[in-house]
Amino acid sequence: MSRPIIGLTMGDGAGVGPEIIMKALDDRGVYDSCRPFVIGDAKMLERAGNLLKSKLSVRTISTPKEAQYAHGVVDCLDLDLLPADLSFGKVSAEAGYAAFMYLKKAIELANSGEIDAICTAPLNKEALHKGGHVYPGHTEILAELTGTKDYSMMLSAPKLKVIHVTTHVGIIDAVNMINPERVYKVIRLAHETLQKAGYDQPRIAVCGINPHAGENGLFGYGEEEEKVIPAVERAQREGVKVVGPLPADTLFFRTTRGDFDIVVAMYHDQGHGPVKVLGLEAGVNITVGLPIIRTSVDHGTAFDIAGKGIADEQSMKEAIRQAIELAPKR
């Protein structure tokens, strides 16, 4: 069985992406487990290496077949889209456009079978929009460019997995978007994803929308009864081991102690907050439902520390590790 080929997209070149990639690829163990290369701009990787005083060299390639996949040399499929003097820590239309193009190229390579998985460094949504690509984030770009309709964002940390019914929309829009069909599809995605990962009968818990999951109509306007319960009951009839809706204020604790394998969260902050409390370096973002494998760091571009060489690479290393686990075996 050969090591999977992992394409690492550089993300926003003005953020911490270049430096966390260079730090992660300084670990010889990464190369023992996979064949990584970067899709981005070689000049930015070299700048990151210089500020880190890294001994790694950067080698430009035009296809994955040209890569050496050897520790000590970072292979970069160089799209050469960024100015050499791009400022770290500032929103840039050029960087936003480039981040989109890195991802687009990675998707093309994954669709053609030239790589086994994509692992993404963070992009900046404001820069992405200024660069002419108005998407809420990576997830929606991946879905559109792969023609995927049923997908979801899953966050994975050592003691907690969370999958989302809605993500990058305002709270009022999120509640309006939640419906029994969408909740059911996310429950199924959770079930199927964990089964592929080796769980025989995943234990799934579904959050309520309102405090105390509505408490039998005391809070809200019957959203749980209208939007959530029909989906849970439908999945139960199909043999899925799912319960809910349950109060979110205790559900995440119960999951970390082992009561459940995954939580279905109704909206962005309901799911993201508990995972990030466990540590930004521990979480990984996985897009489920796609025809290709994609994992990501679970943090942003960190413009406040970009270019200082102090960004923590642990989430990137964990994202690479999970990409390796999920990648199809050659």
Undergrad: Tell me, which pairs form a side chain to side chain donor-acceptor pair (under 3.5 Å) where one or both residues lie in residues 204-221, sequence neighbours left out?
TA: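 Output for this query lists N210-E223, N210-E224, H212-E215.
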Undergrad: Following the transitive rule for hydrophobic clusters with a side-chain heavy-atom cut-off under 4.5 Å over Ile, Leu, Val, Met, Phe, Trp and Tyr, establish whether Y151 and L145 coincide in one cluster.
TA: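 No: no chain of side-chain contacts under 4.5 Å links Y151 to L145.
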Undergrad: Testing L290, I293, I6, I107 one by one against I118 for a side chain to side chain contact (heavy atoms under 4.5 Å, CB included), which residue passes?
TA: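 Option passing the side chain to side chain contact (heavy atoms under 4.5 Å, CB included) with I118: I107.
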Undergrad: Below 4.5 Å, heavy atoms only, C-beta onward: do F260 and L246 meet side chain to side chain?
TA: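 F260 vs L246: side chains touch.
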Undergrad: Is there side-chain contact between P64 and L77, with heavy atoms separated by less than 4.5 Å?
TA: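 Yes, at least one pair of side-chain atoms sits under 4.5 Å.
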Undergrad: Under a 4.5 Å side-chain heavy-atom rule over Ile, Leu, Val, Met, Phe, Trp and Tyr, are L45 and V73 clustered together?
TA: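 Different hydrophobic clusters.
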Undergrad: Any side-chain heavy atom of T148 sitting closer than 4.5 Å to one from P291?
TA: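 With C-beta onward as the side chain, the pair touches.
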Undergrad: Is the closest side-chain heavy-atom distance between H168 and E140 below 4.5 Å?
TA: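 They are in contact (side-chain heavy atoms under 4.5 Å apart), so the answer is yes.
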Undergrad: Can you check whether M22 reaches V58 side chain to side chain, under 4.5 Å on heavy atoms?
TA: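 M22 reaches V58 side chain to side chain.
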Undergrad: Is the count of non-hydrogen atoms from other residues, nucleotides or ligands lying under 6.0 Å from Y97 atom OH greater than 12?
TA: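 Not more than 12 within 6.0 Å, no.
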Undergrad: Report yes or no: does D75 contribute a side-chain atom to a donor-acceptor pair with the main-chain N or O of R59 at less than 3.5 Å?
TA: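 Here the side-chain-to-backbone pair does not exist.
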Undergrad: Look only at the side chain of E19 and the backbone of G309, and say whether a donor-acceptor pair between them is shorter than 3.5 Å.
TA: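 Yes, the answer is positive, given that a donor and an acceptor are paired below the 3.5 Å cut-off.
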Undergrad: State, with a plain yes or no, whether a side-chain heavy atom of F100 is found less than 4.5 Å away from one of L103.
TA: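 They are not in contact (no side-chain heavy atoms under 4.5 Å apart), so the answer is no.
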Undergrad: Does N124 use its side chain to pair, donor to acceptor, with the backbone of A127 at less than 3.5 Å?
TA: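 Checked: pair present.
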Undergrad: Any heavy-atom pair between the side chains of L52 and N50 that's under 4.5 Å?
TA: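 Heavy-atom side-chain distance check fails, nothing below 4.5 Å.
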Undergrad: What verdict does the side-chain contact (heavy atoms from CB on, under 4.5 Å) test give for T287 and M153, after you've listed the backbone C-alpha separation in whole Å, the side-chain angles of each residue and the deciding distance to 0.1 Å?
TA: CA-CA 5 Å; T287 307; M153 175 190 294; 5.9 Å; no
Undergrad: So if you build clusters from Ile, Leu, Val, Met, Phe, Trp, Tyr with side-chain heavy-atom gaps below 4.5 Å, do Y199 and V284 land together?
TA: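 Yes: a chain of side-chain contacts under 4.5 Å links Y199 to V284.
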Undergrad: Using modelled atom types and a 3.5 Å cut-off, is there a donor and acceptor pairing between side-chain atoms of R3 and backbone atoms of R35?
TA: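 Checked: no pair found.
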Undergrad: What orientation do H71 and Y31 show, parallel under 30°, tilted 30 to 60°, or perpendicular over 60°?
TA: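 The arrangement is perpendicular - the two ring planes meet at more than 60°.
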Undergrad: Can you name the one residue among L326, N285, T9, I286 that meets side chain to side chain contact (heavy atoms under 4.5 Å, CB included) with R294?
TA: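 Only match with R294 under side chain to side chain contact (heavy atoms under 4.5 Å, CB included): N285.
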Undergrad: Strictly by modelled atom types, are E318 and Q314 linked by a side-chain donor-acceptor pair under 3.5 Å?
TA: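 Result is no, nothing qualifies.
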Undergrad: Once side chain to side chain donor-acceptor pair (under 3.5 Å) is applied, do any residues pair with T250, and if so which ones, sequence neighbours excluded?
TA: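 Side chain to side chain donor-acceptor pair (under 3.5 Å) list for T250, sorted by chain: empty.
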Undergrad: Take atom CG of D304 as the centre, draw a 6.0 Å sphere, and report whether it contains more than 12 heavy atoms from other residues, nucleotides or ligands.
TA: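 Yes, CG of D304 has more than 12 neighbouring heavy atoms, counting only those of other groups under 6.0 Å.
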Undergrad: Show, in sequence, the C-alpha distance, side-chain angles and deciding distance for E108 and S112, and conclude whether the side chain to side chain donor-acceptor pair (under 3.5 Å) test is met.
TA: CA-CA 6 Å; E108 291 171 359; S112 66; over 6 Å; no
Undergrad: Would you say that E94 contacts L81 through its side chain, given a criterion of any heavy-atom pair below 4.5 Å between the two side chains?
TA: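 No, their side chains stay 4.5 Å or more apart.
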Undergrad: Spell out, as yes or no, whether a donor-acceptor pair under 3.5 Å connects the side chain of K43 to the backbone of L82.
TA: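 Looks like yes, one N/O pair under 3.5 Å.
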Undergrad: Test your reading of the model: is there a side-chain donor-acceptor pair from R47 to the backbone of A42, 3.5 Å cut-off?
TA: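 No, R47 side chain to A42 backbone: no donor-acceptor pair under 3.5 Å.
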Undergrad: With no hydrogens and no angle check, do the side chains of S33 and R321 hold a donor and an acceptor under 3.5 Å apart?
TA: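 No, no side-chain donor-acceptor pair sits under 3.5 Å.
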Undergrad: Does CD1 in I172 sit with more than 12 non-hydrogen atoms of other residues, nucleotides or ligands closer than 6.0 Å?
TA: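 Count not over threshold, so no.
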Undergrad: Check D12 against P18 and note the closest heavy-atom contact, atom names and distance.
TA: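 Minimum heavy-atom contact is O-CD, 4.1 Å.
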Undergrad: Distance alone, cut at 3.5 Å: any donor-acceptor contact between the side chains of E238 and Y184?
TA: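 Judged by distance alone, the side chains do pair up.
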Undergrad: Hey, does the side chain of D116 reach the backbone of A327 with a donor-acceptor pair shorter than 3.5 angstrom?
TA: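 No, D116 side chain to A327 backbone: no donor-acceptor pair under 3.5 Å.
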